[in-house]
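Here the structure is laid out as structure tokens; the discussion comes afterwards.
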Amino acid sequence: MKIHKQMNNLEIAELLHDVAAAYKIKNEAKNRFRIIAYERAGDAVEHLSSEAKDLWDESEGELEKVAGIGESIATHLSEIFKTGKSKHFESIFKDINPAVFEFLKVPGIGPKNAYKLSEAFKIKSSKNAINKLQKLAKKGKIRNLEHFGEDSEKSILQSIKEFKNKSDVRMLLSRAEVIASEIILWLKENKFVKNADVLGSLRRKASTVGDIDIAVATNEPEEVLNHFTKYPNKSRILEKGPHTASIIIPGNIQVDLMVQEPESYGSLLQHFTGSKHHNIALREIALKKGLSLSEYGIKKNKKLVKTPTEEKFYKFLGMKYIPPELREDMGEIEAARQNKLPRLVELKDVKADLQIHSNFDIETSHDVGDNSMEEIIKKANELNYEYLAFTEHNPSQKGHNGKQIISILKRKKDKIDQLNTDMKSNKHNGVKKVFNSLEIDILPNGDLPISDDALGYLDFALVSIHSSFRLSKQRMTDRVLKALNHKTVKIFAHPTGRKLNEREGVELNWPKIFEFCLKNNKLIEINAEPSRLDLPDFLVKEAIDRGLKLTLGTDAHNVEGMNNMRYGVSVARRGWAKKGDIVNTRSLFEFEKLLNK
DNA sequence: GCCGTTTTCGGCCCGACTGTTTTCAGTCG
């Protein structure tokens, strides 16, 4: 771990975890809770919604305000941001080879074993450390060490192999859902399976998912675990005990199964849905009430109270049921105790899709949709929508002059006017109106590629960034504000421009953007496309806290894509959005009123 | 090392599985 002035949150988190590991290696009893403190501080930094360095730049005291960071760690981080060094951390790392922290990256190798391996084989430098270890394992050298054996050597070898194959990418939520539902189907073929549900970040609907965790309620755990480990599409069994089993499936994806009797199923669901931080906070509260929580239930006076449902579990703790999407230790526990949890928006509340690309020939330079406007309206009817917006990309600037662009937009307006006329005569249609919109590029200088005259043909427009993603925060913010400042422009679509596992979002001064939107009646999109999910959940929460209104759009380029709305709803829910915070839950009448504001 | 609606001192979440030893340490979530 290289300590330097511009460390980002991930690097700082790794540093703090390394400090915790170093204290573990030193093996002094007095460090027990210091280790926990460093691990919690590391987690806290990792999950921070803004860079720790930015907080520190703002004011030195900001760091200490972060829960989990106290006076001591704040001082050390401050020293790092100031000088690029930390005397204290350097002295902690002094007697430990850098290779140790390299070994730690291999799952299954913890601090103690990493240290033993580094010392035993005199592997000091982090460079090539894992390769050297792999060679020694292959030669059968590890099994001869004290406290190691043939099996642990094999498992180290396997872990290194998988570590090297593993990319850093986490599965998209949509992919994880498909995989999990196939496994749940397999589980339900076993007659002893009474219930099966997903757990973990998948159940909390995080935008990306690491492992897939599944819960089963049964009175025959052994039968169910045996059935699970016979899953036809598995690569190998990772572990198997009386309560849990883990398998690896192709793509190096780990699937864990947790099994519990039906009477305790609620506590099992609660425990493994997490998040870790939600559960820790919950257990600390329970402890103060003389209760102890686990996946088996709630222990009171050494007696176990079993909870078949999560509702009962939370009720026993004196709080309302907390929807999984909120369980991130972001204030939901306090809200649940005071009966102040928001009533979250649901998929059935959505009355429109506000970003759809049809195959209407608009002569754009970007990707065109696959389906006709008529096919899209038919699909929207199936989804019980009341209205929708056609938001093809703007006509390409290259090869079109202003006049030609206007003529294209006029042609599109005529088409949409005709569709709306036709719909009026068809009383059976759920969709009452389609809006003439456009997704317009924000050029690097904040200009739009079409004139204000051309904008006049639209009911409203979306703007979004499709190029020059790496401008400074200041320039990017100015760029966006300039684009939003047109009267017809109503929605800032996929605002960060991020593509999960592909590229980071742009840097924007969010408070400034949010304030502008609030003041000028601009809306911010939650893009439901599974690889975008943009605005991200934590920014949704910030926007809503400021009173901003948001839209949901699938960005669908074909009718199947319109089914992705539920992922957008998940993001909204993770951001604490109520029905009233999302404008396309409103009736057509109310939506039009809002447009004309 | 952090933290406070029982505390500025004295607590700190809870349990599973594996492998190496024979009662437990290490690792993980």
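A, B, ... follow the sequence lines: proteins, then strands. Residue 1 opens every chain.
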Determine: side-chain N/O of A:Y296 to OP1/OP2 of B:dA16, distance under 4.0 Å, yes or no.
-> yes
For A:E150, report the nucleic acid contact type (base, sugar-phosphate, nothing); a contact means any heavy atom under 4.0 Å.
-> sugar-phosphate
Could you please name the option among B:dC12, B:dG1, B:dT18 that lies closest to any side-chain atom of A:H88?
-> B:dG1
Between A:H76 and A:F89, is the gap from one ring center to the other below 6.0 Å?
-> yes
A:E177 bridged to A:K205 by N-O distance under 4.0 Å = yes
As its Watson-Crick or G-U partner within any shown strand, both distances under 3.5 Å, B:dG11 has B:dC2
Please confirm whether the backbone N or O of A:V100 pairs with a side-chain atom of A:N97, one donor and one acceptor, at under 3.5 Å?
-> no
Counting just side-chain N and O atoms, does A:S155 come under 4.0 Å of either OP1 or OP2 of B:dT18?
-> no
How far does the P atom of B:dG15 sit from the matching atom of B:dG10, given to the nearest Å?
-> 26 Å
Using a cut-off of less than 4.0 Å, is there contact between a side-chain N or O of A:S246 and OP1 or OP2 of B:dC17?
-> no
DNA chain B: A:I280 or A:I109, which has the more 5' nearest nucleotide?
-> A:I280
Distance between the C1' atoms of B:dC2 and B:dT8, in whole angstroms?
-> 12 Å
Pair A:H4-A:E11, side-chain donor/acceptor within less than 3.5 Å = yes
How is A:L282 classified with respect to the nucleic acid when contacts are heavy atoms under 4.0 Å: base, sugar-phosphate, or nothing?
-> nothing
B:dT23 to B:dT18 separation - C1' atoms, rounded to the nearest Å = 15 Å
Can the ring centres of A:F313 and A:Y321 be said to be less than 6.0 Å apart?
-> no
Contact class for A:F33 vs. all strands (heavy atom < 4.0 Å): base, sugar-phosphate, or nothing?
-> base
Taking B:dG19, B:dA16, B:dC12 as options, the one with an atom nearest any side-chain atom of A:L287 is B:dC12
Measure the CG-CG distance between A:L282 and A:L287 for me, rounded to the nearest 0.5 Å.
-> 11.5 Å
For B:dG15, take OP1 and OP2 only and decide whether either is under 4.0 Å from a side-chain N or O of A:K299.
-> yes
OP1, OP2 of B:dC14 versus side-chain N and O of A:S294: anything below 4.0 Å?
-> no
Test: A:E39 and A:K24 ion pair at under 4.0 Å | yes
Quick one: label A:I36 by what it contacts on the DNA or RNA (base, sugar-phosphate, nothing), any heavy atom closer than 4.0 Å.
-> nothing
Figure out the CD1/C1' separation between A:I285 and B:dT7, and round it to whole Å.
-> 17 Å
For A:R32, which contact category applies under a 4.0 Å heavy-atom criterion: base, sugar-phosphate, or nothing?
-> nothing
A:E295 has its side chain closest, among B:dG15, B:dG1, B:dT27, to B:dG15
Pick base, sugar-phosphate or nothing for A:K276, based on heavy-atom distances below 4.0 Å to the nucleic acid.
-> nothing
Tell me: NZ of A:K116 to P of B:dT27, nearest whole Å?
-> 7 Å
Looking only at side-chain N and O atoms, does A:N279 come under 4.0 Å of OP1 or OP2 in B:dC14?
-> no
Same-atom distance (C1') from B:dT7 to B:dC12, integer angstrom = 13 Å
Closest to side chain of A:D211, choosing from B:dG1, B:dC14, B:dG29 = B:dG29
Take the angle between the ring planes of A:F81 and A:W56 and call it parallel below 30°, perpendicular above 60°, tilted in between.
-> tilted
Near-strand residues of residues 325-337 of chain A, defined as heavy-atom separation under 4.0 angstrom from DNA chain B = none
Across the strands shown, which category fits A:F272 at heavy-atom distances under 4.0 angstrom: base, sugar-phosphate, nothing?
-> nothing
Under 3.5 Å: donor-acceptor pair, side chain of A:S267, backbone of A:S264 = yes
Return the minimal non-hydrogen interatomic distance between A:E28 and A:K30, and the atom names on each side.
-> OE1-CE, 2.7 Å
Nucleotides 3-5 of chain B: which of its N/O atoms have a protein N/O under 3.5 Å away?
from, atom 1, to, atom 2, distance (Å)
B:dC3, OP1, A:G68, N, 2.6

Distance check: side-chain N/O of A:T244 vs OP1/OP2 of B:dC17, anything under 4.0 Å?
-> yes
Note: A:R236-A:E162 ion pair, threshold 4.0 Å (strictly below) | yes
Would you sort out whether A:K53 and A:E60 count as a salt bridge (Lys or Arg N to Asp or Glu O under 4.0 Å), showing the intermediate values?
-> CA-CA 10 Å; A:K53 174 73 164 51; A:E60 213 156 314; over 6 Å; no
Nucleotide nearest A:P242 (side chain, heavy atoms from C-beta), chosen from B:dG1, B:dC17, B:dT27 = B:dC17
Under-4.0 Å side-chain N/O to phosphate OP1/OP2 contact, A:H271 with B:dC14 | no
